[in-house]
Q: 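Got a structure here, written out as structure tokens. Questions coming.
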Amino acid sequence: MTGYWLKLNNKYPHSARFRFYGPIRDFIPAGKMRYDFIYRFGGSPAVKDPIEAIGVPHTEVAHILVNSYPVNFSYRLMDSDYVSVFPEFMNSALSPETGLRPPLKGKPGFILDIHLGKLARLLRFTGFDSLYRNDYSDDEIANIAKESGRVVLTRDKMLLHDNRITRGYWPRSTDADIQFREIINRFDLYEYISPFLICSKCNGTIEEINKEAVLERLKPGTAKNYNKFYICRSCKQIYWRGAHFNSLKLKLDKLTDNEQTG
């Protein structure tokens, strides 16, 4: 046993102390969630490597302080360093200039994995450009995110470790309504909510259309009782403010209530 530990210490002769803050502790093993803990290493790895080896995707990290000084992911870890890792939500407590990436500006676009179809539908209902297919591969998602700058939403934690992905989020809940609130709060999107502008079916843009142009596609009762119609420019799905509209609006009002969800 003594020989084993000598061999181990020779392989990993250095140690650093890590502490993670806020919701990124959801990725940390239970015994290490609330306290500083020791990470042993050899050589001088970039600080990003142990952070992700511990289980935290780089997309969840907004600030890194080493010995109280801000560093980026490429900082080379040294023996006896003290590493503090902070999530995005703590930007208010830390200078934006020390962040690992520029603040998200404007209305973001999303791409979602196979597990988040219901969430994609809610995001589209509220006006957010949200790509979703139930046959996207992880590689496709990462490539699209890199090329388009979209935010990746996934229930696959390991996907967020992909270096092609700059921004992403792992919804903690499996309930679509709660997931939606998580996203709106996480990226502070209340001012960008614009219901009924994007097709929930295909993510195309919805625009008003003259009733006569779609009359032959309407059921007699619909044509008789409604005069205002909308159409998706991409898939040609027709929409109107029927009986379902009020119940859907009530649901969206509840989901997007800032006081309730904040």
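In this chain, residues are counted from 1 in sequence order. No hydrogens, no waters, no symmetry mates; every other heavy atom, side chains included, goes into these values.
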Q: For Phe110 and Leu131, run side chain to side chain contact (heavy atoms under 4.5 Å, CB included): C-alpha distance rounded to whole Å, both residues' side-chain angles, the deciding distance at 0.1 Å, then the answer.
A: CA-CA 6 Å; Phe110 298 99; Leu131 295 183; over 6 Å; no

Q: ring-ring contact (aromatic ring centres under 6.0 Å, His included) with Tyr39: which residues, sequence neighbours excluded?
A: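 Residues passing ring-ring contact (aromatic ring centres under 6.0 Å, His included) with Tyr39: Phe18.
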
Q: With a 4.5 Å limit on heavy-atom distance, are the side chains of Phe86 and Leu65 in contact?
A: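 They are in side-chain contact.
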
Q: May I ask you to say whether Asp129 pairs ionically with Arg150, meaning some side-chain N is under 4.0 Å from a carboxylate O?
A: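 The answer is yes: the pair qualifies as a salt bridge.
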
Q: For residues 73-81, dump all side-chain donor-acceptor pairs below 3.5 Å to protein atoms at least two apart in sequence or in another chain.
A:
residue, atom, partner, partner atom, Å
Ser74, OG, Asn72, OD1, 2.6
Tyr75, OH, Asp81, OD2, 2.8
Arg76, NH1, Ser44, O, 3.1
Asp79, OD1, Ser15, N, 2.9
Asp81, OD1, Asn67, ND2, 3.0
Asp81, OD2, Met78, N, 2.8

Q: Between Glu52 and His58, is there a donor-acceptor pair closer than 3.5 Å when you use the side chain of the first and the backbone of the second?
A: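 Answer holds: yes.
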
Q: Under the 4.5 Å side-chain heavy-atom rule for ILVMFWY, direct or indirect, which residues accompany Tyr230?
A: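 Answer for Tyr230: Ile206, Tyr239.
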
Q: For Trp170 and Phe27, take the angle between the two ring planes, folded into 0 to 90°, and tell me which bin it lands in: parallel under 30, tilted 30 to 60, perpendicular over 60.
A: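 Geometry flag for Phe27 against Trp170: tilted rings.
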
Q: Do Leu255 and Ile184 have side chains that get closer than 4.5 Å, going by heavy atoms?
A: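 No, side chains not in contact.
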
Q: Tell me if the NZ atom of Lys249 is crowded by more than 12 foreign heavy atoms within 6.0 Å.
A: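 No, NZ of Lys249 has 12 or fewer neighbouring heavy atoms, counting only those of other groups under 6.0 Å.
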
Q: Starting at CD1 of Ile28, measure out to CD1 of Ile51 and round the result to the nearest 0.5 Å.
A: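 Reported value, rounded in 0.5 Å steps: 9.5 Å.
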
Q: Around Lys107, counting heavy atoms of other residues, nucleotides and ligands shown, do more than 12 lie under 6.0 Å from its NZ?
A: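 Yes, enclosed.
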
Q: Keeping Arg155 on the side-chain end and His115 on the backbone end, is there a donor-acceptor pair under 3.5 Å?
A: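 Not confirmed, Arg155 side chain does not pair with His115 backbone.
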
Q: Can you tell if the side chain of Arg167 reaches within under 4.5 Å of the side chain of Val152, non-hydrogen atoms only?
A: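 No. Closest side-chain heavy atoms not under 4.5 Å.
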
Q: Give the minimum heavy-atom separation between Gly42 and Pro13, together with the two atoms involved.
A: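 Of all heavy-atom pairs spanning Gly42 and Pro13, the closest is CA-CD, 3.9 Å.
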
Q: Between Arg133 and Glu140, is there a salt bridge with N-O shorter than 4.0 Å?
A: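 So Glu140 pairs with Arg133 through a salt bridge.
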
Q: Carefully, step by step, assess Phe187 and Asn185 under the rule side chain to side chain contact (heavy atoms under 4.5 Å, CB included).
A: CA-CA 6 Å; Phe187 296 101; Asn185 284 316; over 6 Å; no

Q: Please give me the minimum heavy-atom distance between Gly106 and Tyr192, naming the atom from each residue.
A: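 Closest approach of Gly106 to Tyr192: CA-OH, 3.4 Å.
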
Q: Going by atom types only, do Lys48 and Asn163 share a side-chain donor-acceptor pair under 3.5 Å?
A: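 Looking only at side-chain atoms, Asn163 and Lys48 do form a donor-acceptor pair, the distance falling under 3.5 Å.
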
Q: Do Leu116 and Gln179 have side chains that get closer than 4.5 Å, going by heavy atoms?
A: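 Yes, at least one pair of side-chain atoms sits under 4.5 Å.
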
Q: Who passes ring-ring contact (aromatic ring centres under 6.0 Å, His included) against Phe41, sequence neighbours left out?
A: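 ring-ring contact (aromatic ring centres under 6.0 Å, His included) check on Phe41 returns His14.
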
Q: Taking Thr222 for its side chain and Leu218 for its backbone only, find out whether a donor-acceptor pair lies under 3.5 Å.
A: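 Answer holds: no.
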
Q: So do Leu122 and Lys251 actually touch side chain to side chain, heavy atoms under 4.5 Å?
A: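 They are in contact (side-chain heavy atoms under 4.5 Å apart), so the answer is yes.
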
Q: Before giving the answer on side-chain hydrogen bond (donor to acceptor under 3.5 Å, both in side chains), spell out for Asp36 and Tyr82 the whole-Å C-alpha distance, their side-chain angles and the decisive distance to 0.1 Å.
A: CA-CA 9 Å; Asp36 298 353; Tyr82 185 88; 3.1 Å; yes

Q: Side chains of Tyr136 and Ile114, heavy atoms from C-beta outward: is any pair under 4.5 Å?
A: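 With C-beta onward as the side chain, the pair stays apart.
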
Q: Less than 4.5 Å apart, side chain to side chain, heavy atoms only: is that true for Ile111 and Val151?
A: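 Of all side-chain heavy-atom pairs linking Val151 with Ile111, none is under 4.5 Å.
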
Q: Return yes when atom CD of Glu216 has more than 12 non-hydrogen atoms of other residues, nucleotides or ligands closer than 6.0 Å, and no otherwise.
A: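 Result for CD/Glu216: open.
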
Q: Does CZ in Arg164 sit with more than 12 non-hydrogen atoms of other residues, nucleotides or ligands closer than 6.0 Å?
A: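 Correct, the count exceeds 12.
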
Q: So which atom in Ala120 and which in Leu112 form the shortest heavy-atom distance, rounded to 0.1 Å?
A: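 Minimum heavy-atom contact is N-CD2, 3.7 Å.
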
Q: Is it the case that over 12 heavy atoms from other parts of the model lie below 6.0 angstrom from the NZ atom of Lys211?
A: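 Count over threshold, so yes.
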
Q: Do Arg172 and Asp26 meet the salt-bridge criterion of a basic N to acidic O distance under 4.0 Å?
A: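 The answer is yes: the pair qualifies as a salt bridge.
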
Q: Applying a strict under-4.5 Å side-chain criterion to I, L, V, M, F, W and Y, I'd like to know whether Val71 and Ile54 cluster together.
A: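 Yes, because Val71 and Ile54 connect within a single hydrophobic cluster, where side-chain heavy atoms sit under 4.5 Å apart.
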
Q: Rounded at 0.5 Å granularity, tell me how far CD1 in Ile165 sits from CG in Leu160.
A: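 Here the interatomic distance stands at 5.5 Å.
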
Q: With rounding to the nearest 0.5 Å, note down the distance linking CG in Leu159 to CG in Asp138.
A: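 Here the interatomic distance stands at 4.5 Å.
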
Q: Which pair of non-hydrogen atoms, one from Arg124 and one from Cys199, has the smallest distance, and what is that distance?
A: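 Where Arg124 meets Cys199 most closely, the heavy atoms are CD-O, 3.5 Å.
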
Q: Show your working on side chain to side chain contact (heavy atoms under 4.5 Å, CB included) between Arg101 and Thr166 and close with a plain yes or no.
A: CA-CA 8 Å; Arg101 60 187 67 84; Thr166 301; 4.1 Å; yes

Q: With rounding to the nearest 0.5 Å, note down the distance linking OG1 in Thr126 to CG in Leu189.
A: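 The distance works out to 9.0 Å.
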
Q: Sequence neighbours excluded, which residues qualify as salt bridge (charged side-chain N to carboxylate O under 4.0 Å, His left out) partners of Lys118?
A: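 Listed in chain order: nothing, the list is empty.
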
Q: Does Phe37 belong to the same Ile/Leu/Val/Met/Phe/Trp/Tyr cluster as Ile64, with side-chain heavy atoms less than 4.5 Å apart forming each link?
A: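 Yes, it is one cluster - the side chains of Phe37 and Ile64 are joined through contacts under 4.5 Å.
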
Q: Go through the steps for Asn203 and Ser130 under the test side chain to side chain contact (heavy atoms under 4.5 Å, CB included), then give the verdict.
A: CA-CA 6 Å; Asn203 200 48; Ser130 302; 4.3 Å; yes

Q: Applying side-chain contact (heavy atoms from CB on, under 4.5 Å), can you list everything that pairs with Ile178, at least two apart in sequence or on another chain?
A: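 In terms of side-chain contact (heavy atoms from CB on, under 4.5 Å), with neighbours along the sequence ignored, Ile178 is linked to Ser173, Asp175, Arg181, Glu182.
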
Q: Taking atom CD1 of Ile231 and atom CG of Asn210, what is their separation to the nearest 0.5 Å?
A: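 The CG atom of Asn210 is 11.5 Å from CD1 of Ile231, to the nearest 0.5 Å.
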
Q: Is any side-chain heavy atom of Asp113 closer than 4.5 Å to a side-chain heavy atom of Leu153?
A: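 The answer is no; the side chains never approach within 4.5 Å.
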
Q: Of the non-hydrogen atoms in Phe128 and Pro108, which two are nearest, and what is the gap between them?
A: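 Shortest heavy-atom separation between Phe128 and Pro108 comes out as CD2-O, 4.4 Å.
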
